[in-house]
Amino acid sequence: MTIDKSATDALIEEVLDVYPAKAKKDRTKHLASNDTEATKSCVTSNRKSLPGVMTARGCAYAGSKGVVWGPIKDMIHVSHGPVGCGQYSRAGRRNYYTGTTGVNAFGTMNFTSDFQERDIVFGGDKKLASIVDEIETLFPLAQGISIQSECPVGLIGDDIEAVAKTKGKEIGKTIVPVRCEGFRGVSQSLGHHIANDTVRDYVLEGAADKEQKREVGPYDVAIIGDYNIGGDAWSSRILLEQIGLNVVSQWSGDGTLPELENTPSVKLNLIHCYRSMNYISRHMEEKYGIPWMEYNLFGPTKCEESLRKIAAFFDETIQAKAEEVIAEYKKQWEPIVEKYKPRLQGKKVMLYVGGLRPRHVIGAYEDLGMEIVGTGYEFAHNDDYVKTATEVKDATLIYDDVTGFELEKFAEVIKPDLIGAGVKEKYIFQKMGIPFRQMHSWDYSGPYHGFDGFAIFARDMDMTLNNPCWDKLTAPWKKTEDEALAETA
Amino acid sequence: MPSVMIRKETETGNLTLYIAKKDLEETVTSIEFDSEDRWGGQFDLADGSSYYIDPLDAPPKLPITLRAKRA
């Protein structure tokens, strides 16, 4: 199918027609057809969602506890407030880590101050102080504590910074108070920003007084914004190490507090998820003079491009090694493309995810001969859309903070062969008979990064798209004669 | 008077202006003063808005965080 601009615009017009005039006017700004030539973002983004519509956004707490702080495995992240926020988001993101849970790693555990009515009335600071003592007794190997505020903490005005300061001195560990109450901002994006600022103020500033024990080398890099979903950061790290780089720290998937503290001495920061970690990279560039670079390890084409781009920053030995590594892996990925491309060629994909995926995974789909017919972000900003414009074809449908209704309508008209979005969309589209992959945490599969991950990605897409179940949606006795004939033929 | 960070893109060499408070990043389309002895003034952005930064005596080392006024 060739997409043209007028058809896409007509589709947007048609879908928005059911809204009241004011809502329609607002939503029109968030939907557009792509223009690859544009220098500015084609849609409005990072605005408050309309009241009354169903969107897939999270809150600032989700951005801080779930995304940025949560994967740091050797710290205990206390969900400060009522029990639900922490419990219902516990371990859902599949940030893999090594270590013994409950002894020296705490990634999948849920720590909460479990606010009751009396804590709201009399304040929760005393409780927080006793929690710190309790943690210190039960989990002495925890390297630090972060206090992730939930909404009530901000509403009643608890002074968590004071508690963090006094208790931190008492136990001699880093305690980070994070003011990431859910009501702040329009989406999880502000939570990322707040979390980054606390890393800057409490971890990097705090580490400045500590003695640097690390031996600094010329090829030191840090992986930033890779949350190790299903082991993603490991399959990226392997490639970087093979081209001769020394990965000093992982932010924050499988990361540790000392790793974060060591980062200001690296030569280059490699950013995977720009949206959630650009803040700290900007800070490190200004303060410590560390350059940063975005990279993309989805699909062999982008992997090769990124490895060359990273190597170009270093000397010839690294560049030569990068070429060696690329040549070596070519033998591994070519048979995969050969096997799956005929099965997936020409299939249309719609994406609706967050962070970096709506643009980064496009390369991997295109390597398999698939086509992106629509893409959008939950919580992106204008720069994300500028970057997306060059990745997708002209007149492709772009949607920002799309509502449940709009996405369903788009899918009905565009009839994609595959949809990649979150778990909230998953069962709706599967019931509509459209193959679906949950692209937030790889539908319980992964890793998808790197050449190793591409093999899994290709297998998963084939497994979903060519699953025999999609022919069984109509009951045998309800099938028309033609269909029945076609099946026996 | 928001704080803004001005940065040179590594890949494209474009100048970008980042407004932390609005979490907004935009490409700079023109600078009023961009010479050896005077740098700053009005910054026009790709989205049509513009900001004013008090001119400096020499081009600074980028990235740099400065106070800006809406122009």
Side-chain angles (χ1 to χ4, degrees), chain A residues 38-47 60 63 184-194 196-197 200 268-271 274-276 278-296 305-306 308-310 312-313 379-387 389-390, chain B residues 1-36 38-71:
Chain A
T39 49
K40 69 189 206 72
S41 163
C42 60
V43 292
T44 305
S45 53
N46 200 27
R47 292 279 180 279
R184 292 184 198 272
V186 298
S187 65
Q188 53 265 62
S189 192
L190 189 68
H192 304 145
H193 198 155
I194 294 167
N196 273 244
D197 287 353
R200 177 193 70 198
L268 177 66
N269 278 329
L270 294 170
I271 307 203
Y274 180 81
R275 184 72 277 132
S276 61
N278 74 78
Y279 316 102
I280 198 74
S281 312
R282 280 174 198 285
H283 169 72
M284 282 197 269
E285 186 180 32
E286 192 177 18
K287 178 141 192 212
Y288 308 102
I290 306 168
W292 50 270
M293 184 188 282
E294 261 191 283
Y295 70 108
N296 176 1
E305 200 182 299
S306 290
R308 289 204 175 101
K309 197 169 88 178
I310 294 165
F313 184 85
F379 52 84
H381 298 187
N382 63 332
D383 48 289
D384 292 295
Y385 286 103
V386 173
K387 284 171 195 159
T390 54
Chain B
M1 291 273 279
S3 274
V4 299
M5 182 186 269
I6 299 155
R7 168 170 196 272
K8 207 174 199 89
E9 289 286 317
T10 335
E11 280 158 52
T12 54
N14 285 341
L15 219 54
T16 59
L17 190 120
Y18 171 72
I19 306 145
K21 201 171 178 184
K22 293 170 88 177
D23 228 331
L24 182 79
E25 186 186 339
E26 272 297 350
T27 315
V28 177
T29 50
S30 77
I31 312 178
E32 194 176 351
F33 305 112
D34 189 12
S35 59
E36 283 305 307
R38 205 163 150 80
W39 186 92
Q42 184 164 328
F43 286 71
D44 292 325
L45 306 184
D47 69 347
S49 61
S50 42
Y51 284 86
Y52 180 83
I53 294 171
D54 283 332
L56 305 174
D57 293 335
K61 189 177 165 291
L62 299 176
I64 187 169
T65 302
L66 296 164
R67 303 292 269 178
K69 273 198 296 239
R70 211 181 284 217

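For clarity, every value in this text was computed on a predicted model and none was experimentally measured. So you know, we letter chains A, B, ... as the sequences are listed, proteins then strands, and number each from 1.
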Checklist entry - Within a radius of less than 6.0 Å around CZ of Arg47(A), do more than 12 heavy atoms belonging to other residues, nucleotides or ligands occur? => result no

Item to check | Residues from residues 64-71 of chain B approaching chain A under 4.5 Å (heavy atoms) | outcome: Ile64(B), Thr65(B)

Next on the checklist: Quick check on Phe313(A) against chain B: is it the side chain, the backbone, both or neither that has a heavy atom closer than 4.5 Å?
Outcome noted: neither

Next on the checklist: I need the Glu9(B) CD to Glu294(A) CD distance, nearest 0.5 Å.
Outcome noted: 8.5 Å

Next on the checklist: Are there residues of residues 22-30 of chain B whose heavy atoms fall under 4.5 Å of chain A's heavy atoms? If so, which?
Outcome noted: Lys22(B), Asp23(B), Leu24(B), Glu25(B), Glu26(B)

Next on the checklist: Can you tell me how far apart CG (Asp383(A)) and OH (Tyr18(B)) are? Round to the nearest 0.5 Å.
Outcome noted: 9.0 Å

